[in-house]
Amino acid sequence: MRPACFALVDVDNFYVSCERVFDPSLNGRPVIVVGNNDQCCVARSSEVKAIGIKMGEPLFKLQPQIQRHGIIIRSSNYSLYGAMSARFSTILSALAPTVLEYSIDEAFLDLTSLQAHYDLSEHARGVKQTVLRWTGLPVCVGFSTSLTLAKLASRAAKKYPAARGVVDLTDPARQRRLMAITPVGDIWGVGPRIARKLRAMGIESALQLADTDPSLIRSRFSVVMERTVRDLQGEAHHRIETSPPAKGQIICSKSFGTRVTELADMLAAVTSYVVRAAEKLRSEKRVAGRLSVFLMTSRFLEHGGYSNEASSSLERPTADTRNLIVCATRLTRKLWKDGHRFTKAGVMLTDFRDPLCEQHDLFSTDARSQGRSQALMDTLDCINGSGLGRIQFARQRISEDSWGMKRERLSPNYLSRWSDIPEAK
DNA sequence: TCTGGGGTCCTAGGACCC
DNA sequence: TCTGGGGTCCTAGGACCC
């Protein structure tokens with residue numbers, strides 16, 4: 001029996017590539033996509049990477065380079081990227097029996113059953129060409145006998161131009177050669193903390209880690225790292241689930257456009273996060289049993305910062321925005337402290353249940369009013385999803401200017417707003 | 001002046017039970 | 001003064017990912 005085989009398909013500089021699909025004048029030029037509030041670099045074109053600009057760097061520190069190299073800045077346009085990502089994964093699902101959408105710009109394919117019938121390198125090149133032709137997005141493909149090695153292969157496909165975007169890492173000797181020149185911190189699952197600890201143990205390269213006893217790694221770290229070691233050894237330890245587990249939590253949080261110093265503004269912001277979180281929850285057809293709120297001042301304050309979190313179980317699991325707002329408001333008031341300049345807040349929903357399995361409360365509310373709640377929320381989602389406008393909750397509208405986010409260099413919503421669809425002339 | 005947003009998984013430790 | 005042992009469940013926090 002042949003060993004398992006997985007491919008990782010990864011879009012190059014995803015956000016920048018999306019912008020370029022609709023604005024080809026950006027091709028070949030240095031482009032940065034900045035996060036919400038236009039403050040932080042979240043995606044870089046290869047030209048920008050070559051200059052040495054790091055992921056996550058704040059824009060205000062980059063002004064000299066931006067001037068010198070004529071770097072073009074775009075605000076992040078998540079509805080455009082989401083729509084492009086959906087097309088990307090639709091195409092992939094036609095090209096492999098099992099697909100795991102790992103993130104907005106990456107997917108694993110299970111090619112195990114195709115090995116007997118196809119030349120996998122050729123198949124991988126076909127995947128690359130098809131995605132490019134049908135979406136305009138450039139991708140790299142790496143494949144190997146485990147997910148961690150596939151990840152390593154796709155990284156090599158990006159790094160070495162000679163690979164022309166496809167790397168076959170199924171051969172064990174080749175695996176060892178690549179791992180020998182890969183620093184341990186570049187392995188999927190090894191972050192800065194673990195890398196430091198591994199180096200202190202004398203493990204510098206991926207190959208050295210692969211040659212370490214997995215049970216030793218387990219005792220010093222955790223089962224997660226043990227799995228990583230076994231993956232590097234070529235055993236397929238992670239499998240791709242055909243039905244991915246349901247989400248376990250929903251977080252909505254954002255940095256503010258300007259500092260928030262008034263409780264009313266904070267309540268408005270938190271309310272609007274609850275509204276979005278509840279929409280996501282209903283789209284998953286779930287109800288939540290627990291809600292948390294967190295708020296914080298700048299992480300970069302020398303002293304006098306404040307950050308806190310509070311959570312509460314809901315009286316009854318719900319997806320009704322109104323009930324969630326009541327709970328979030330109570331928690332926000334509890335956390336609020338005058339005299340601070342808040343930079344960020346968020347809400348988190350957890351403890352999800354299936355609404356159909358939830359027992360109705362015998363005492364307070366009858367089944368009829370629960371039916372009404374659901375009908376109201378359905379109507380709300382339907383109107384808000386129609387593109388005709390949005391119904392909002394009263395508290396959201398108070399002074400949005402004071403906390404709403406800045407996106408001054410936003411590209412049009414080419415794929416999700418009729419008025420923004422590009423014209424071919 | 002200005003430092004992203006949204007997730008996952010695991011572990012330790014506390015509360016509680018018999 | 002001395003303070004069991006074993007189990008479950010929950011939560012907070014840490015580490016990682018893109």
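Letters go in sequence order (proteins before strands), and every chain restarts at 1.
Comparing A:Lys61 and A:Gln249 by the nucleotide of DNA chain B whose heavy atom lies nearest to each, the residue mapping closer to the 5' end is A:Lys61. Each of A:Pro58 and A:Ile251 lies near DNA chain B, and the nucleotide nearest A:Pro58 is the one positioned closer to the 5' end.
Looking at heavy-atom distances under 4.0 Å, A:Lys197 makes no contact with the nucleic acid at all. Residue-level contact check: A:Cys252 touches the backbone only, with heavy atoms under 4.0 Å from sugar-phosphate atoms and none from bases. In this structure, A:Gly346 reaches neither bases nor backbone, as no heavy-atom distance under 4.0 Å exists between it and the strands shown. Among the protein residues, A:Val34 comes within range of no part of the nucleic acid, since none of its heavy atoms lies under 4.0 Å from any strand.
In this entry the distance linking CG of A:Asp38 with C1' of B:dT1 reads 15 Å, nearest Å. Going from atom CZ of A:Phe300 over to atom P of B:dT3 covers 7 Å, rounded to whole Å. Distance CD1 (A:Ile217) to P (B:dT11): 14 Å, rounded to an integer number of Å. The interatomic distance linking A:Met296 (CE) with B:dG5 (C1') rounds to 11 Å, in whole Å. Distance, A:Tyr273 OH to B:dG4 P: 13 Å, rounded to whole Å. In this structure, A:Glu57 places its CD atom 12 Å from P of B:dG4, rounding to the nearest Å. For the pair A:Phe294 CZ and B:dG7 C1', the interatomic distance rounds to 12 Å; values are reported in whole Å. B:dG6 atom C1' lies 13 Å from atom CE of A:Met55, rounded to whole Å.
A gap of 14 Å separates the C1' atoms of B:dC17 and C:dG4, to the nearest Å.
Residue A:Ser255 has its side chain nearest to B:dG5 when only B:dG7, B:dG5, B:dC2 are considered. Residue A:Phe60 has its side chain nearest to B:dT3 when only B:dT8, B:dT3, B:dG5 are considered. Here the nucleotide nearest the side chain of A:Val224, chosen from B:dG6, B:dC2, B:dC10, is B:dC10. Residue A:Arg299 has its side chain nearest to B:dG4 when only B:dG4, B:dG5, B:dG7 are considered.
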**OP:** Test A:Trp336 against A:Phe342 for ring pair (Phe, Tyr, Trp, His ring centres under 6.0 Å), laying out the working first.
**Re:** CA-CA 10 Å; A:Trp336 179 261; A:Phe342 289 94; 5.0 Å; yes
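A salt bridge links A:Arg74 and A:Glu19; the closest N-O separation between the charged side-chain nitrogens and carboxylate oxygens is under 4.0 Å. A salt bridge links A:Asp211 to A:Arg176: at least one charged side-chain nitrogen sits closer than 4.0 Å to a carboxylate oxygen. Of the charged side-chain nitrogens involved, none lies within less than 4.0 Å of a carboxylate oxygen, so that A:Glu284 and A:Lys280 do not count as a salt-bridged pair. In this structure, A:Arg196 does not pair ionically with A:Glu204, as no charged nitrogen and carboxylate oxygen lie closer than 4.0 Å.
Residue A:Arg227 places none of its side-chain N or O atoms closer than 4.0 Å to OP1 or OP2 of B:dC9. At the phosphate of B:dT11, neither OP1 nor OP2 sits under 4.0 Å from any side-chain N or O atom of A:Arg218. Between A:Arg276 and B:dG6, a side-chain N or O to OP1/OP2 separation shorter than 4.0 Å is present. At least one side-chain nitrogen or oxygen of A:Arg259 sits closer than 4.0 Å to the OP1 or OP2 atom of B:dC2.
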Expected rows: protein N/O vs nucleotides 12-18 of chain C N/O, under 3.5 Å:
residue : atom : partner  : partner atom : Å
C:dA15  : OP1  : A:Arg193 : NH1          : 3.3
C:dA15  : OP2  : A:Arg193 : NH1          : 2.3
C:dC16  : OP1  : A:Gly191 : N            : 3.1
C:dC16  : OP1  : A:Gly191 : O            : 3.0
C:dC16  : OP1  : A:Pro192 : N            : 3.4
C:dC16  : OP1  : A:Arg193 : N            : 3.1
C:dC16  : OP1  : A:Ile194 : N            : 2.8
C:dC17  : OP1  : A:Gly189 : N            : 3.0
C:dC17  : OP1  : A:Val190 : N            : 3.4
C:dC17  : OP1  : A:Val190 : O            : 3.4
C:dC18  : OP1  : A:Lys151 : NZ           : 3.2
C:dC18  : O3'  : A:Ser103 : OG           : 3.1
C:dC18  : O3'  : A:Asp105 : OD1          : 2.7
C:dC18  : O3'  : A:Glu106 : OE2          : 2.9

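In this structure, A:Lys197 forms a cation-pi arrangement with A:Phe221, its terminal cationic atom sitting closer than 6.0 Å to the ring centre and no more than 45° off the ring axis.
You'll find the side chain of A:Ile187 reaches within 4.5 Å of the side chain of A:Leu209, heavy atoms only.
Between A:Ala107 and A:Leu92 the shortest heavy-atom distance is CB-CD1, 3.5 Å.
Taking the six-membered ring where tryptophan is involved, the planes of A:Phe22 and A:Tyr414 are essentially parallel, since the angle between them stays under 30° and well short of 60°.
Here B:dC18 sits opposite C:dG5 as a Watson-Crick or G-U wobble pair (both hydrogen-bonding atom distances under 3.5 Å).
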